[in-house]
Amino acid sequence: MESTFQHEQQRVDRVTEIIEGRILKLGEDTTRQRNEVVKIRKYFWDEVKVNVDTFDDYLETIIGLRQEAQALAVSQSTHRLSSKKLSTLQRMKKSPYFGRIDFSEEGVPTEEQIYIGISTLTDDSGEDFLVYDWRAPISSIYYDHHPGMASYVTPGGVIHGRLEKKWQYLIRDGVLQSMFDTSLTIGDEILQIVLGKGTDKHMHNIVATIQQEQNRIIRHDSGRLLIVHGAAGSGKTSAALQRIAYLLYKYRDSMSADQIILFSPNSLFNNYVSNVLPELGEENMQQVTFQEYLNHRLSDGFKVENPYEQLEYVLTAENTSSYRSRVEGIRFKASTPFFEAIESYRRGLETSKMLFKDILFRGKPIVTKQEIEDIFYSSDTSLRFHNRLEKLKDWLMKRVNEVRKNELTKPWVEEEIELLSDEAYHKAHKHLAKKKGFKGAAVADYEMEPTELGRLIVQQRFKPLRKQIEENAFIDMKGIYKQLFTSPQYIEQWIEGDLPAEWQSICLTTLSTIDEGKLLYEDATPYLLLNELIQGFQTNRTIKHIVVDEAQDYSPFQFEYLRRLFPTAKMTVLGDFNQAIFAHASARVDFQVLTGLFGPENTEVVNLSRSYRSTKPIIEFTRQLVPNSEQIIPFERDGEHPVLTKLASSGELHSCITSKVSELQNVGYNTIAIICKSGEESERAYNALSGIDGIKHVRNGSMEYEQGVVVIPSYLAKGIEFDAVIIYDASEHVYNDESLRRIFYTACTRAMHYLQLYCVGEPTNLLEGVSNESYVQN
């Protein structure tokens, strides 16, 4: 074994030496290419002769500009590719590869040793592969097979053979620290080492420890929709990010990173996962939250509530008079029946109830909303709805043009001419002179007629009206949406099934918030859908794949909207209904409703049941907090049992947390989260614990995940893991309702190595189903 180890270290040394040589050469090339780009940019206009005196001169100028722009684009692309390869090689220098398979292909007399790493590396001849990219077809054997008969899929067909052996390597800074002969799955030894490490501020790639079920997700490539339903800590997000890297590798000639969108829960999470793809030598995909998209589309007309503001209300306002109706409204407006009601309502607008706004000029209507409505409903009803709107816009444009002509002789035009500043007058003179063909010094010879100036002024004053018509601003979208809630009976003609018992109160709340210029989060997507159904969907056909993380927090309504927004994209959806913390998802337990998006034949569901994040004692504890817990399988990694400490007062609580943080830091835990139920509670906790050195408060809107000691509300901790977690107050007073079970479970499952729960007074009854052997009480 010792001679084998020495032989393998010698190979690591040889490969590292080759990598260092490539880094040296590529570094020189990259510097030269960067200087070339800088030079082209600096002297860009010196190389182009700008002359537009004649058409031939103009054409020559355009050709020259295009040639210089192409040269710049080629140089920038070459430099970008070289920089990307250089970055990959620098990472490979530290750890050239992590695995090896010994494979005998059918019909080939010799056995081949395949070394696997984050990227491909060949010898200087370019013919022999020293390292295969983990995404290469043959590398799938490493993840999917144990010694024996094996096969892998290539573009040319299936290759069969025999896997003789499978090895794992742990290489740090060019030194082989350990190697393991493994069988069915990636060996526990490497996983134990990786999972036993402390966390830092970024998620990292898992290519060295991808499990067979995760590999199925990464390389899945059929149908339109892949649903990954997995337990907390099962590697859903990690697998999805490796999946993006795999797709970018496999379809590198037809797909780029900017054609993939990751919908993530918040900006904090975006920052946390931003390191994974660059580690693999790929550019980051577009990352956005659904709220950012809503704000982009709606913030001009409303102040839009965000999902965490909605959740904060649900978690803290249970004693208010409007609480019950608000929660009922959240659930109803997220439902498929309400989605279908919006569609039916829009179809109903074809015959009546379309609302419009007066078109005003100088404070007076030149076309009234009633006139617009009369024209719309008197037009050819056999035309499609959107065609009727286009026809209406044409009529409005003609009407506005007629009014514009009539305004030319009105007194206000002459008054405006007299009030023009010298600067505005000269600007108008120059503009009209150019329109008449005057150039250069000849502009001064142009004599501007008052009628021409008047015509220009009127044209400019009417320009905003034309823009309003082009942008459909004459449609009263707020009024049309509010119309659904004007009377409790109105929506009944569009809805199938029963309305919520609190519907009248829901209607009043909806109307009052819209009148205040606000839009509740549960109204944002329905409002936008109705807007799109009336004015036409702003679809995006360039996006080829979208990934939705924490998908249990999205409503069926929102998924239907995303499908229409990206009509040609495939979709990967990741979630865990045990962590469905938003009110609209409280009654759902799986993603069954999503199979209707593309049909069962285009949908595949993968369940991940094994949890890797936490130690076995923590998983044994947390899985008893939720139903169907037997489906969650812990990874065999030992650790301390969770601890529940009962305290008598808040003062004692803060004293104990301060001591516990110091104790955890002394044993080497880098990331310690004090998790509170709500933002309101975390504000109080942070103020009380501000004496802890370096403590940070993570609030809604925080952009970067902080290391060290953080106070954080439960809903912002989702998707993130910490070395140690302290549940701030797991008392019956705080977690006093069954609806909080998933929030409580989510908070506890953030812990990798240590979980401490405190409670002031009696502990929450959510612990009643947890066996006493699963945790320590003191």
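Not measured: the values here are computed from a predicted model.
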Going by side chain to side chain donor-acceptor pair (under 3.5 Å), name the residues that satisfy it together with Lys333, two or more places apart in sequence or in a different chain. Thr510, Asp523
Decide yes or no for Leu757 and Leu755: does some side-chain heavy atom of the first lie under 4.5 Å from some side-chain heavy atom of the second? yes
Is there a donor-acceptor pair closer than 3.5 Å between any side-chain N or O of Arg613 and the backbone N or O of Ala232? no
Please lay out, stage by stage, how His584 and Phe557 fare under the test side chain to side chain contact (heavy atoms under 4.5 Å, CB included). CA-CA 11 Å; His584 65 75; Phe557 201 119; over 6 Å; no
Option from His220, Arg243, Lys236 for which side chain to side chain donor-acceptor pair (under 3.5 Å) with Thr572 holds: Arg243
So which atom in Asp590 and which in His229 form the shortest heavy-atom distance, rounded to 0.1 Å? CA-CE1, 4.3 Å
d(Arg637 CZ, Ser611 OG) to nearest 0.5 Å is 9.5 Å
Going through the checks in order, is the side chain to side chain contact (heavy atoms under 4.5 Å, CB included) test met by Tyr754 and Val667? CA-CA 11 Å; Tyr754 188 87; Val667 297; over 6 Å; no
Go through the steps to decide whether Gln291 and Tyr308 satisfy the test side-chain hydrogen bond (donor to acceptor under 3.5 Å, both in side chains), and finish with yes or no. CA-CA 10 Å; Gln291 180 65 27; Tyr308 298 117; over 6 Å; no
Under a 3.5 Å distance rule, please check whether Gln259 uses its side chain to pair with a backbone N or O of Ile543 as donor and acceptor. no
For a quick test of reading the model, state the closest non-hydrogen atom pair linking Thr336 to Pro556 and the distance between them. OG1-CB, 3.4 Å
Check whether Arg741 reaches the backbone of Val626 with its side chain - one donor and one acceptor, N or O, closer than 3.5 Å. no
So which atom in Leu241 and which in Leu277 form the shortest heavy-atom distance, rounded to 0.1 Å? O-CD2, 3.5 Å
What heavy-atom pair brings Gln624 and Val770 nearest, and what distance separates the two atoms? OE1-CA, 3.5 Å
Regarding Gln287 and Ser274, is there a side-chain donor-to-acceptor distance under 3.5 Å anywhere? no
Measure from the side-chain N and O atoms of His753 to the backbone N and O of Gly639, and report whether any donor-acceptor pair falls under 3.5 Å. no
Are the side chains of Arg750 and Ile720 in contact, using a 4.5 Å heavy-atom criterion? no
With side chain to side chain contact (heavy atoms under 4.5 Å, CB included) as the criterion, how do Asn266 and Asn700 come out once you've worked through the C-alpha distance, each side chain's angles and the decisive distance to 0.1 Å? CA-CA 9 Å; Asn266 50 56; Asn700 181 22; 5.9 Å; no
Heavy-atom side-chain proximity of Pro642 to Val776 below 4.5 angstrom: no
Would you check if the side chain of Gln558 reaches a backbone N or O of Ser555 as a donor-acceptor pair within less than 3.5 Å? yes
Worked check of side chain to side chain contact (heavy atoms under 4.5 Å, CB included) between Phe559 and Val593: CA-CA 10 Å; Phe559 274 112; Val593 69; over 6 Å; no
Between the side chains of Gln552 and Glu550, is a donor N or O closer than 3.5 angstrom to an acceptor N or O? yes
Roughly how far, to the nearest 0.5 Å, is CD of Gln168 from OH of Tyr97? 14.0 Å
Give a yes or no answer on whether the side chain of Glu340 reaches the backbone of Pro337 with a donor-acceptor pair at less than 3.5 Å. no
Of Val314, Leu315, Leu766, Ile675, the one forming a side-chain contact (heavy atoms from CB on, under 4.5 Å) with Ile743 is Leu315
Any sub-3.5 Å donor-acceptor pair from Thr746's side-chain atoms to Arg742's backbone N or O? yes
With side chains defined as the heavy atoms from C-beta onward, is the minimum distance between Phe591 and Phe577 less than 4.5 Å? yes
Taking C-beta and beyond as the side chain, do Thr603 and Leu597 meet within less than 4.5 Å on heavy atoms? no
Can you find a pair of side-chain heavy atoms, one from Ile672 and one from Phe722, that are under 4.5 Å apart? no
Can you tell me how far CD1 of Ile171 sits from CZ of Phe98, rounded to the nearest 0.5 angstrom? 10.5 Å
Is it true that the side chains of Tyr249 and Asp133 contain a donor and an acceptor less than 3.5 Å apart? no
For the pair Ser682 (side chain) and Val711 (backbone), establish whether a donor and an acceptor sit closer than 3.5 Å, ignoring hydrogens and angles. no
Taking every heavy atom of Val734 against every heavy atom of Leu740, the minimum-distance pair comes out as O-CD1, 3.6 Å
Is it true that, when you exclude Glu309 itself, more than 12 heavy atoms of the residues, nucleotides or ligands shown sit nearer than 6.0 Å to its CD? yes
Which is it for Ser140 and Arg219 under the side-chain hydrogen bond (donor to acceptor under 3.5 Å, both in side chains) test, yes or no, and what are the steps along the way? CA-CA 9 Å; Ser140 65; Arg219 295 175 189 260; 4.7 Å; no
Using 0.5 Å steps for rounding, measure from the OH atom of Tyr735 to the OG1 atom of Thr764. 8.5 Å
Should Tyr715 and Asp553 count as side-chain neighbours, where that means a heavy-atom distance under 4.5 Å? no
Determine, stepwise, if the pair Tyr142 / Tyr132 fulfils side-chain hydrogen bond (donor to acceptor under 3.5 Å, both in side chains). CA-CA 11 Å; Tyr142 178 73; Tyr132 282 82; over 6 Å; no
Ignoring hydrogens and geometry, is there a side-chain-to-backbone donor-acceptor pair from Asp549 to Ser264 under 3.5 Å? no
As an exercise, state the distance from OH of Tyr521 to CD of Gln310, rounded to the nearest 0.5 Å. 7.5 Å
What residue among Val276, Asn284, Val547 forms side-chain contact (heavy atoms from CB on, under 4.5 Å) with Ile244? Val547
Which pair of heavy atoms, one from Phe263 and one from Tyr554, lies closest together, and at what distance? CB-OH, 3.5 Å
Check whether any side-chain heavy atom of Phe598 sits under 4.5 Å from a side-chain heavy atom of Lys570, and report yes or no. no
Is a donor from one side chain sitting under 3.5 angstrom from an acceptor on the other, for Gln631 and Asn628? no
Distance from Arg216 atom CZ to Gln211 atom CD, nearest 0.5 Å? 15.0 Å
Has Glu604 got a side-chain atom pairing as donor or acceptor with Leu226's backbone, closer than 3.5 angstrom? no
